[in-house]
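This report concerns only the one structure given below.
Letters A, B, ... are given to chains in the order of the sequence lines, protein chains preceding strands, and every chain is numbered from 1.
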There are 2 protein chains.
Amino acid sequence: MVLRKVGKKLANIQEVAKQARVSVATVSRVLNGQNTVSEKTRKKVEEAIKKLNYEPSMLGRNLRNSESRLFLILIPSISNPFYLEIIKGIEAVAISQNYNILLCETDSNPEKENIFFDLVRKKMADGLISMDPTVNIETLKNLSEKHAIIQCSEYEEGSGIPYVTIDNEEASYRAVKHLIQIGHKKIALINSDEKYLYARQRKMGYLRALEEYGITLNSQYIILTQHLDFENGQHAMRKILNLHDRPTAVFSVSDLLAIGALKEINTFGLQVPSDIAVVGFDKIDFSNMTNPTLTTIAQPMHKMGTVAAKMLIDKMNGKEVESIILDHELVVRESTSGQSI
Amino acid sequence: MVLRKVGKKLANIQEVAKQARVSVATVSRVLNGQNTVSEKTRKKVEEAIKKLNYEPSMLGRNLRNSESRLFLILIPSISNPFYLEIIKGIEAVAISQNYNILLCETDSNPEKENIFFDLVRKKMADGLISMDPTVNIETLKNLSEKHAIIQCSEYEEGSGIPYVTIDNEEASYRAVKHLIQIGHKKIALINSDEKYLYARQRKMGYLRALEEYGITLNSQYIILTQHLDFENGQHAMRKILNLHDRPTAVFSVSDLLAIGALKEINTFGLQVPSDIAVVGFDKIDFSNMTNPTLTTIAQPMHKMGTVAAKMLIDKMNGKEVESIILDHELVVRESTSGQSI
DNA sequence: TTGAAAAATGTAATCGATTTCATTTAGGCG
DNA sequence: CGCCTAAATGAAATCGATTACATTTTTCAA
C-alpha cells in the first residue's frame with residue numbers, strides 16, 4: 001500500500017455515468033441487464049463502457065450484496081488425488097452458479113485450519129465444504145451456526161452439519177468379502193488412525209466379513225498408519241511382510257497406501273497377486289497405472305463433489321438440507337485377479 | 001438473494017462502536033492495532049467485540065483498500081501432480097503474506113479461461129500466476145498492462161511478462177545424454193505438441209545430444225501427444241513398440257507420459273530397463289512409486305512456486321521484476337540403471 | 001389537448017470497513 | 001492555575017457498486 005501499484009487507474013461506475021451523461025443507477029441497470037432501460041440510453045451506456053474500458057468491480061458489488069461468491073474447500077492435503085476428483089465436481093457446479101473456489105490445505109495443522117475458518121468468519125467465503133478428517137469438529141459446529149457448511153466424505157454424526165459420503169462399512173465389507181471369496185483367509189488390514197470415523201467404519205466392515213465367514217481375527221494383521229500416503233503404505237507393508245504368519249492378502253483403506261504396499265511387496269521379491277493379493281480404496285487415477293493394476297473400491301468422487309456443492313448452495317439459500325449416502329462399487333483388477341504377468 | 005440466508009445477522013463495526021460508546025474510527029484503530037488508542041478505550045472496544053461476537057468483514061475492508069488479497073493461479077488441469085507442488089510453494093508464500101489462492105483449472109478451454117481472466121479484470125483477484133501452456137498469450141499480454149501477472153514454467157519470450165522457469169533445452173539435453181552415455185543409440189522422444197515453447201525447447205535439447213554424439217535422427221522416433229497424461233503415454237509407447245526398428249530407450253517430456261510408457265512396455269511383455277530404458281520429466285511424487293522407479297529430470301517445483309509468488313507480490317507493489325531461470329537436476333533411478341528386478 | 005398510467009431515469013441511502021482532518025482531552029511545565 | 005503541545009477521539013468522506021424511492025418523461029385513450 002506504500003508503493004505505487006501496477007497499472008493505471010481503472011474507470012469506475014461514476015465515470016461511466018458521466019461519460020454517458022446518465023446516472024450511476026442507469027449504468028448499474030445496464031450492467032445487470034434490467035429491462036427498464038430504453039434502447040437509446042442502453043447504447044449510450046454501452047459505448048461509454050467500451051470507451052473507458054470499464055470493468056465493474058466485484059469488490060463494490062460484493063460488499064453491497066454481502067456476498068463473496070466464493071466457496072472454501074478444506075482438504076488435509078492436495079497430494080492425495082482422491083480429493084482432486086471431488087474438487088472437480090465441486091468446481092463444475094460452482095462455476096455454473098457463478099461461484100469460485102478457495103482451495104485450502106490444512107496439512108492437518110490447526111493453525112492453518114484457523115486461518116481458513118477466519119476467511120469464513122470474515123465473509124471472505126460464503127460457504128465451506130470440509131473434506132478434512134482432522135478438522136476440529138467443535139469449531140466447525142460453532143461456525144455452522146452462522147455459516148453454511150457441508151461435510152464431504154468424512155463427517156460427524158449428530159453434529160447437525162449435513163454431509164455426503166458413502167457407506168464405508170459396507171464398502172469395506174465387500175472388499176474383504178471379495179478377498180475371502182477368491183480363497184483368502186489370512187487377510188491384513190492397513191487402516192488409518194481410528195480416531196477417524198471412516199477408519200472405524202472400515203474396520204467394522206472388515207470384521208463383519210471375517211466373522212461372516214468364520215475367520216478368527218488375528219490382531220497382528222491390523223496395521224494403523226499416520227497418513228494416507230505412499231510411504232506409510234510401504235512401512236505398513238514392511239511390518240506385515242515381517243510377520244511370522246504372513247497373510248496372503250491385504251486390504252488397505254486408501255489407494256495410496258495400497259500402492260505403497262504393492263511397491264514394498266515387489267521390493268521384497270514377492271508377486272502380486274500370486275503371493276499376496278492387494279485391495280485399495282478410492283479408485284484414484286493412479287490405481288490403474290500401477291503394475292499390476294489395483295483392485296479397489298470406487299467412490300463416486302465427482303458426484304460427491306457436485307452433490308456437496310449443490311447442498312452447500314441450498315444451505316446458503318436457507319433451504320433444509322438432508323445428508324446423502326452415495327453408492328460405491330468394487331472394481332476388480334489385476335491385484336486380486338491373477339491376470340497380472 | 002430471494003431466500004432467507006443462513007445464520008443470524010452478524011454484528012458490524014457500527015454496532016461495536018455503539019456498544020463500546022466510541023466512534024467507528026476508534027474501533028477500526030483497535031482492529032488494526034494502531035497505537036493511538038488509550039489502554040482504557042482499547043479494553044472497552046475489545047469487550048464490545050467479544051460481547052457481540054464481532055468479526056470484521058473483509059468485504060468492507062477489501063473495497064476500501066481496493067484489494068481482494070487473492071491470487072489467481074491458472075493451470076490447465078489439476079490432475080497433473082506437477083502443478084501441485086508448485087501450488088504448494090505459491091501457497092506458502094501467499095499465506096505468509098496474508099493472501100489466499102483462487103485455483104483455476106482451464107481444461108485448456110478458452111471459455112473457462114475467460115471466466116478466470118474476468119476475475120482479474122473485475123478485481124476479484126489482485127494478481128495472476130499462469131502455468132497454463134495453452135493460455136491465450138495475447139489476452140494475457142493485454143491483461144498484464146493493467147494487472148500483475150507472472151508466468152510460471154511455460155512462458156512467452158518478449159511478451160514483457162516476467163516468468164520463472166528452468167532451462168528446458170539443457171535439461172532435455174542432459175536426459176538424452178545420460179541415455180547415450182549408458183549405451184543407447186536408438187532413443188525415442190515422446191513430446192507434446194510443438195506449439196508449446198517447452199516442447200520445442202526440449203526437442204532442441206534432444207537433437208543437440210544426438211548430434212553431439214554423432215547419432216543421426218530417426219524421425220519415426222519422435223512421437224507427439226495431445227496431452228501430458230497416462231493414456232497418451234500408453235498410446236505413444238504403443239506406436240513406438242510397433243516400430244520396425246524398435247528403439248532401446250525412450251525420453252518422455254513428462255513423468256505421466258513416461259509412466260504410461262512404462263506400463264505399456266510391461267503389458268507388451270518387455271522389461272524396463274533391460275529391454276527399453278525410460279526417462280521422464282518433472283519428478284512428480286509418483287515417479288518414485290512405479291516399478292521400476294523412474295529416472296527423471298527434477299524441476300524445483302516448490303521453489304518455482306515460492307519464487308513466482310514473490311515475483312507477483314513485487315510486481316503488485318510496482319517493483320521491477322526480472323525473469324528467473326532455476327536449476328534442474330537429473331535423477332537417475334531404476335528405469336535406466338538396471339537395478340530393477 | 002389533457003390527464004392518468006406506464007416507462008425511464010435520477011437521487012440518495014446502503015453495504016462495512018479505513019482514513020483524513022478536525023476537535024477534544026490529557027499532560028507537562030513555568 | 002494557565003497555557004501549549006501531544007495524545008486521543010470523533011465526524012465525515014471514501015472505496016464502487018446496488019436499489020428503494022422519488023421524479024421526470026413518454027404514451028395513449030378520452
Side-chain angles (χ1 to χ4, degrees), chain A residues 1-2 5 7 9-46 48-49 52-69 98 118-119 121-124 126 146, chain B residues 1-2 5 9-46 48-49 52-69 98 118-119 121-124 126:
Chain A
M1 290 209 262
V2 183
K5 296 291 177 72
K9 193 169 165 301
L10 303 169
N12 61 18
I13 198 171
Q14 313 283 347
E15 299 168 50
V16 174
K18 190 193 284 181
Q19 172 76 30
R21 297 171 191 284
V22 297
S23 71
V24 292
T26 301
V27 177
S28 175
R29 285 189 267 257
V30 171
L31 289 175
N32 294 287
Q34 276 166 302
N35 53 0
T36 64
V37 182
S38 75
E39 201 49 43
K40 210 176 69 185
T41 40
R42 178 185 304 280
K43 280 262 166 57
K44 276 198 302 183
V45 171
E46 279 165 356
I49 287 176
L52 298 179
N53 244 308
Y54 168 72
E55 295 280 352
S57 157
M58 300 200 73
L59 299 177
R61 170 177 302 184
N62 287 349
L63 172 59
R64 175 59 217 228
N65 294 343
S66 291
E67 59 176 14
S68 64
R69 297 214 77 82
N98 250 292
D118 258 355
L119 293 176
R121 292 192 191 103
K122 296 186 175 170
K123 303 225 220 176
M124 193 66 198
D126 295 338
K146 303 225 176 195
Chain B
M1 290 211 263
V2 182
K5 298 291 178 69
K9 194 169 165 299
L10 302 169
N12 61 19
I13 198 171
Q14 312 284 344
E15 299 168 51
V16 174
K18 190 193 285 183
Q19 172 76 32
R21 295 167 192 286
V22 297
S23 71
V24 294
T26 301
V27 177
S28 175
R29 284 189 267 257
V30 170
L31 289 175
N32 295 288
Q34 276 167 305
N35 53 0
T36 65
V37 182
S38 74
E39 202 49 43
K40 209 176 68 184
T41 41
R42 177 183 305 277
K43 280 263 164 58
K44 276 198 299 182
V45 171
E46 279 163 356
I49 289 176
L52 298 179
N53 242 308
Y54 167 72
E55 293 280 351
S57 157
M58 299 201 73
L59 300 176
R61 170 179 302 184
N62 286 349
L63 172 59
R64 174 61 217 231
N65 294 344
S66 290
E67 58 175 15
S68 64
R69 298 214 77 82
N98 250 291
D118 258 355
L119 293 177
R121 293 193 191 99
K122 296 186 174 168
K123 305 226 217 170
M124 193 65 201
D126 295 339

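- Straight-line distance from the CG atom of A:L59 to the P atom of C:dT18: 14 Å, rounded to whole Å.
- Remark: A:R21, A:V22, A:S23, A:V24, A:A25 in residues 15-25 of chain A come within less than 4.0 Å of DNA chain C through at least one heavy atom.
- Residue B:L52 holds its CG atom at 7.0 Å from CD of B:E15, rounded to the nearest 0.5 Å.
- Going from atom CG of B:L52 over to atom C1' of C:dG16 covers 15 Å, rounded to whole Å.
- Between the CG atom of B:N12 and the P atom of C:dG16 there is a distance of 5 Å, given to the nearest Å.
- Atoms NZ and CG, on B:K122 and A:L59 in that order, are 12.5 Å from each other to the nearest 0.5 Å.
- When side chains are defined from C-beta on, A:R121 does not count as touching B:L10, because their heavy atoms never get closer than 4.5 Å.
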So which protein nitrogen or oxygen atoms get under 3.5 Å of nucleotides 23-28 of chain C's nitrogens or oxygens?
none

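- Rounded to a whole Å, the CD1 atom of A:I13 is 17 Å from the P atom of C:dA12.
- The OG atom of A:S23 sits 10.0 Å away from atom CD of A:Q14, with the distance rounded to the nearest 0.5 Å.
- Within residues 26-37 of chain A, the residues having any heavy atom closer than 4.0 Å to DNA chain C are, in order of number, A:T26, A:R29, A:N35, A:T36, A:V37.
- Look at B:S38 and you won't find any side-chain N or O under 4.0 angstrom from OP1 or OP2 of D:dA7.
- For A:R61 against D:dT18, no side-chain N or O and base N or O form a donor-acceptor pair under 3.5 Å.
- In this structure a side-chain-to-backbone donor-acceptor pair under 3.5 Å is missing from A:N32 to A:Q34.
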For this session: Could you go through the side-chain contact (heavy atoms from CB on, under 4.5 Å) check for B:D118 and B:M124 one step at a time?
Result: CA-CA 8 Å; B:D118 258 355; B:M124 193 65 201; over 6 Å; no
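- Distance A:Q14 CD to C:dG10 P: 13 Å, rounded to the nearest Å.
- Using a 4.5 Å heavy-atom cutoff, the side chains of A:V30 and A:T41 are not in contact.
- Side-chain contact between B:L31 and B:I13 is present, with heavy atoms from C-beta onward closer than 4.5 Å.
- In this structure, the CZ atom of B:R69 is 20 Å from the P atom of D:dC15, given to the nearest Å.
- Put simply, the side chain of A:R69 gets close to the backbone of A:N98: a donor and an acceptor are under 3.5 Å apart.
- Protein atom CD of A:E67 is 15 Å distant from nucleotide atom C1' of C:dG16, rounded to whole Å.
- Under a 3.5 Å cut-off, the side chain of A:N65 and the backbone N or O of A:E67 do not form any donor-acceptor pair.
- Contacts of A:L63 with the nucleic acid, taken as non-hydrogen atoms under 4.0 Å apart, include base atoms.
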Problem set entry | Residue pair B:K123, A:N62: steps toward the side-chain contact (heavy atoms from CB on, under 4.5 Å) verdict | CA-CA 11 Å; B:K123 305 226 217 170; A:N62 287 349; over 6 Å; no
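- Between the CZ atom of A:R42 and the P atom of C:dA8 there is a distance of 10 Å, given to the nearest Å.
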